[in-house]
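Chain naming here is simple, since letters A, B, ... match the order of the sequence lines and numbering starts at 1 in each.
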Protein chains: 2
Amino acid sequence: MTAVTIQPRPGIHLLADECCTTLAREPLTTSQAAELAHILKALADPTRLRLISMVAAQEGGEACVCDLTDPLGLTQPTISHHLKVLVDAGIFARDKRGKWAYYALVPGALDALSAVLSTAA
Amino acid sequence: MTAVTIQPRPGIHLLADECCTTLAREPLTTSQAAELAHILKALADPTRLRLISMVAAQEGGEACVCDLTDPLGLTQPTISHHLKVLVDAGIFARDKRGKWAYYALVPGALDALSAVLSTAA
DNA sequence: CTCATGCATAGATCATTGTCGATCTGAATA
DNA sequence: TATTCAGATCGACAATGATCTATGCATGAG
């Protein structure tokens, strides 16, 4: 690890620091590749993809853990684990209100990733 | 496994079968999530991301294994393994000419993925 | 034909990760 | 305060995966 900057959330870091990097334009540096891989790893799981699509399709664009556990047929700790991975990657935001924790897409996060993958100029 | 269609390459399958599916629009089915996760898993590795960017940035958009081994500091079998993962995911195409095997991006593969991730209508 | 070269495959090893049951924390309610 | 409920964290376990060494399989050169 060399000369680390302040670094807010990991996902935001990608969006800020490498917003203009496209995968198919120039060779990625080691750290660029590591950051991108971190975000993609968070997406590269069937359960987490379904979580994202379910939350995004929800009224108001947010859902609590209890809404997500039953439809996926997994235990509550497992769902909580996946949600944490998505939050750590900067894809989901967590908002605790009362007894419930609501998760929602971070605006622009998926679109930023989409732009990185695009080969269009 | 139910009623399997002809199914060419896995990556192409995603592009054809689910080209109009966007992650953030409606809940993904189990099999849609599994297919998308398969492609994303192939991308979610620093070495493979660098391979993609290196091949794409190469003159002619293709490179042989020998061009890719040294810059990444990994052994030849490891590079071959990563390239195979990318081919199986429909991201890379392999073209063997003489003693060399040339790898290149499948046209449209990354852009299709980019479209799936985009939240734009 | 024989040998060298470029690459793929096989098998082994070690780290990562998806999942669970059990437990802890914090908020609302009685 | 005691209880209940939503959710997070912990520890364990099995499965996956990234990497290596060793080997196999073609292709081209001599």
Side-chain angles (χ1 to χ4, degrees), chain A residues 1 9-10 28 30 33-52 54-55 58 62-89 91-104, chain B residues 9-10 28 30-31 33-52 54-55 58 62-89 91-104:
Chain A
M1 198 80 65
R9 278 172 301 172
L28 263 51
T30 303
E35 286 190 42
L36 228 191
H38 178 237
I39 318 261
L40 287 168
K41 268 182 213 287
L43 280 179
D45 179 272
T47 298
R48 289 196 286 269
L49 288 173
R50 298 186 70 194
L51 281 172
I52 292 174
M54 289 171 61
V55 166
Q58 197 88 356
E62 63 175 12
C64 64
V65 180
C66 56
D67 292 330
L68 303 168
T69 301
D70 288 3
L72 291 179
L74 294 173
T75 65
Q76 172 267 317
T78 299
I79 299 295
S80 262
H81 161 70
H82 285 305
L83 290 170
K84 177 177 169 50
V85 171
L86 290 170
V87 169
D88 288 346
I91 296 166
F92 269 0
R94 196 182 97 117
D95 180 27
K96 179 155 192 181
R97 298 200 299 272
K99 295 163 62 172
W100 293 272
Y102 293 90
Y103 288 85
Chain B
R9 278 171 300 173
L28 264 50
T30 303
S31 67
E35 286 190 43
L36 228 191
H38 177 237
I39 317 261
L40 286 168
K41 268 183 214 289
L43 280 179
D45 179 271
T47 298
R48 289 196 286 268
L49 288 173
R50 298 187 69 194
L51 281 173
I52 292 173
M54 288 171 61
V55 166
Q58 197 88 356
E62 63 176 12
C64 63
V65 180
C66 56
D67 292 330
L68 303 168
T69 302
D70 288 3
L72 292 179
L74 295 173
T75 65
Q76 172 266 317
T78 299
I79 300 296
S80 263
H81 161 71
H82 285 304
L83 291 170
K84 176 176 170 50
V85 170
L86 290 169
V87 168
D88 288 346
I91 295 166
F92 268 0
R94 196 183 97 115
D95 180 27
K96 178 154 192 181
R97 298 200 299 270
K99 296 165 60 174
W100 294 271
Y102 293 90
Y103 289 83

Do any side-chain atoms of residues 97-104 of chain A form donor-acceptor pairs under 3.5 angstrom with protein atoms, and if so which ones, sequence neighbours left out?
unit_1: Arg97(A); atom_1: NH1; unit_2: Asp95(A); atom_2: OD2; d: 2.7
unit_1: Arg97(A); atom_1: NH2; unit_2: Glu62(A); atom_2: OE2; d: 2.8

Earlier contact from the 5' end, DNA chain C, for Thr47(A) and Lys84(B) = Lys84(B)

Check every strand shown and say whether His81(A) touches a base, only sugar-phosphate, or nothing at a heavy-atom separation below 4.0 Å.
-> base

Which pairs with one or both residues in residues 74-87 of chain B pass salt bridge (Lys or Arg N to Asp or Glu O under 4.0 Å), sequence neighbours excluded?
-> Lys84(B)-Asp88(B)

Extract, from 5' to 3' on DNA chain C, the first and final nucleotides lying under 4.0 angstrom from some heavy atom of chain B.
-> dT5(C) to dT9(C)

Among residues 95-103 of chain B, which residues get a heavy atom nearer than 4.0 Å to DNA chain C?
-> Lys99(B), Trp100(B), Ala101(B), Tyr103(B)

Tested for side-chain contact (heavy atoms from CB on, under 4.5 Å) against Ile91(B), the lone hit among Val55(B), Leu86(B), Leu51(B) is Leu86(B)

Table please: side-chain donor-acceptor pairs of residues 42-49 of chain B below 3.5 Å, with sequence neighbours left out.
unit_1: Asp45(B); atom_1: OD1; unit_2: Thr47(B); atom_2: N; d: 2.9
unit_1: Asp45(B); atom_1: OD1; unit_2: Arg48(B); atom_2: N; d: 3.2
unit_1: Arg48(B); atom_1: NE; unit_2: Ala42(B); atom_2: O; d: 2.6
unit_1: Arg48(B); atom_1: NH1; unit_2: His82(B); atom_2: ND1; d: 3.0
unit_1: Arg48(B); atom_1: NH2; unit_2: Lys41(B); atom_2: O; d: 3.1

Atom pairs and distances, donor-acceptor, side-chain atoms in residues 65-76 of chain B, under 3.5 Å, two or more places apart:
unit_1: Asp67(B); atom_1: OD2; unit_2: Cys64(B); atom_2: N; d: 3.4
unit_1: Thr69(B); atom_1: OG1; unit_2: Val65(B); atom_2: O; d: 3.0
unit_1: Thr75(B); atom_1: OG1; unit_2: Thr78(B); atom_2: OG1; d: 3.0
unit_1: Gln76(B); atom_1: NE2; unit_2: Ser80(B); atom_2: OG; d: 3.4

So which of residues 64-80 of chain B are in contact with DNA chain C, with a heavy-atom cut-off of under 4.0 Å?
-> Cys64(B), Val65(B), Cys66(B), Gln76(B), Pro77(B), Ser80(B)

Find the distance Asp45(A):CG to dG17(D):C1' and express it as a whole number of Å.
-> 14 Å

